[in-house]
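Following: one structure in structure tokens, then a few remarks.
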Amino acid sequence: MLSRKPYLWATWIWAGFDFASTVRQEGDAVDINTKGMIDYDHQTRKDVFYFYKANWSKQPTVYVTGRHYRDRAYASTDVRVYSNAPETTLFVNDVRIGTRADCPEHVCTWPGIALREGANVVRAVGQFGASSVADSLTWQLGADAARAYRIDSGTLVAGPSANGRHGSDAFFDGGEAGTVVEPADYGKPQKPVVIAGTPDSAIAATYREGAFHYRMPVGPGRYRVSLTFIEPSARPGSGVSTSWPMASRCCASSIWLPPGQAALRRWSAASRST
């Protein structure tokens with residue numbers, strides 16, 4: 001957005017470093033405001049630091065994002081590289097994925113990259129004339145994540161589960177995210193809620209509603225699909241449940257995708273509030 005406003009003669013970023021703030025508790029950071037481009041240790045540069053470096057510096061820059069998310073939840077992911085190189089090439093496990101040229105705002109993206117079980121080496125190479133600049137990282141994909149997609153709908157950070165590791169809400173189109181968790185007070189953590197009908201209250205507490213669908217990046221084969229539903233507005237005595245909120249798991253079924261069929265499977269849902 002700033003690049004589209006040439007009449008701005010100067011801009012500043014809030015803030016350069018994480019700093020002390022005695023009213024905050026965000027994730028595992030206590031009494032720290034985490035808006036900085038560099039961590040509280042004044043050493044660890046976050047992904048956003050390299051975004052601005054690629055855009056605002058003439059120094060050749062190539063940076064693969066996501067190095068703080070090493071233990072991956074899904075076997076398919078988008079790969080983003082901040083690069084101010086005229087051409088940037090991506091390699092995953094020594095396989096050349098493709099080359100991007102003149103990426104918008106110096107963000108090069110390769111969608112739907114498949115990861116294998118175990119270690120995955122992601123490397124980007126930017127070509128600057130006769131010289132090149134490279135960056136790489138290693139992501140891990142566990143055996144459970146390699147064979148199953150478990151989506152915690154409606155959330156950016158998946159909650160703990162007794163039924164295997166979940167990932168954040170992904171692979172969807174449409175709908176609205178919702179939660180039954182009481183919003184956190186300023187600087188204080190959210191209050192957990194107990195949901196009847198499920199051992200995974202943290203997972204069922206967030207949801208997606210409205211008209212939407214999920215498109216799963218899977219190949220031909222047989223799959224078991226399980227859906228968990230929640231009645232976020234049901235109160236005791238409403239005839240919907242005797243405990244609020246209430247979750248139910250249903251519609252577990254097998255789906256066969258034959259060879260030759262499109263690998264992306266569409267699963268649609270619609271809900272209506274009355």
Side-chain angles (χ1 to χ4, degrees), residues 1-6 8 10-17 34-39 43-142 145-146 149 156 167-173 215-219 262-264:
M1 297 298 291
L2 295 176
S3 63
R4 302 170 192 166
K5 300 178 180 179
L8 294 178
T11 58
W12 288 263
I13 301 301
W14 177 268
F17 302 89
T34 59
K35 293 188 180 72
M37 294 189 296
I38 301 176
D39 210 345
Q43 300 292 326
T44 306
R45 298 172 179 179
K46 303 178 185 179
D47 287 356
V48 67
F49 175 92
Y50 294 93
F51 169 80
Y52 286 108
K53 183 178 180 181
N55 279 274
W56 288 1
S57 172
K58 295 182 180 180
Q59 181 179 352
T61 301
V62 175
Y63 177 83
V64 183
T65 67
R67 63 193 61 232
H68 303 298
Y69 177 23
R70 295 184 180 274
D71 186 12
R72 312 296 290 193
Y74 298 129
S76 177
T77 186
D78 295 349
V79 176
R80 293 181 177 85
V81 177
Y82 298 151
S83 172
N84 54 15
E87 290 189 345
T88 305
T89 303
L90 180 70
F91 299 85
V92 178
N93 298 322
D94 294 325
V95 176
R96 185 180 184 276
I97 302 301
T99 299
R100 298 283 188 265
D102 300 322
C103 299
E105 296 183 338
H106 301 300
V107 180
C108 302
T109 304
W110 289 264
I113 300 301
L115 303 179
R116 67 189 183 191
E117 182 179 340
N120 293 266
V121 179
V122 181
R123 182 169 64 95
V125 180
Q127 198 64 38
F128 297 86
S131 62
S132 62
V133 174
D135 184 46
S136 65
L137 53 75
T138 301
W139 289 332
Q140 298 288 336
L141 186 71
Y149 283 88
L156 291 175
S168 59
D169 203 357
F171 313 115
F172 64 86
D173 182 37
R215 300 177 72 91
M216 308 306 299
V218 296
L264 295 181

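Basis for what follows: all heavy atoms, side chains included, without hydrogens, waters or symmetry-related copies. Keep in mind that this is a model prediction, so the values were computed, not measured.
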Heavy-atom donor-acceptor pair, [X] side chain to [Y] backbone, under 3.5 Å:
X: Asp78; Y: Gly112; answer: yes
X: Arg100; Y: Thr109; answer: yes
X: Tyr52; Y: Ile13; answer: no
X: Lys35; Y: Trp14; answer: no
X: Thr88; Y: Gly126; answer: no
X: Ser131; Y: Phe128; answer: yes
X: Asp71; Y: Leu141; answer: no

Is the shortest side-chain heavy-atom distance between [X] and [Y] below 4.5 Å?
X: Tyr74; Y: Pro217; answer: no
X: Ile113; Y: Ile97; answer: yes
X: Met216; Y: Phe171; answer: yes
X: Val64; Y: Arg123; answer: no
X: Arg67; Y: Thr138; answer: no

Mark yes when over 12 heavy atoms from residues, nucleotides or ligands other than Leu156 sit less than 6.0 Å from its CG; otherwise mark no.
no
How many angstroms lie between [atom1] in [X] and [atom2] in [Y], if you round to the nearest 0.5 Å?
X: Gln43; Y: Ile38; atom1: CD; atom2: CD1; value: 8.5 Å
X: Tyr82; Y: Thr61; atom1: OH; atom2: OG1; value: 12.5 Å
X: Asp135; Y: Ser83; atom1: CG; atom2: OG; value: 10.0 Å
X: Asn120; Y: Trp139; atom1: CG; atom2: CH2; value: 8.5 Å
X: Met37; Y: Lys53; atom1: CE; atom2: NZ; value: 12.0 Å
X: His106; Y: Asn55; atom1: NE2; atom2: CG; value: 5.0 Å

Side-chain donor-acceptor pair present, Arg72, Thr77, cut-off under 3.5 Å
yes
Centre-to-centre under 6.0 Å for Phe49 and Tyr63, is that the case here?
no
Check the pair Asp94 / Val121 against side chain to side chain contact (heavy atoms under 4.5 Å, CB included), numbers first and verdict last.
CA-CA 8 Å; Asp94 294 325; Val121 179; 5.9 Å; no
Using side chain to side chain contact (heavy atoms under 4.5 Å, CB included), reason through Val133 and Val125 one step at a time and then give a plain yes or no.
CA-CA 6 Å; Val133 174; Val125 180; over 6 Å; no
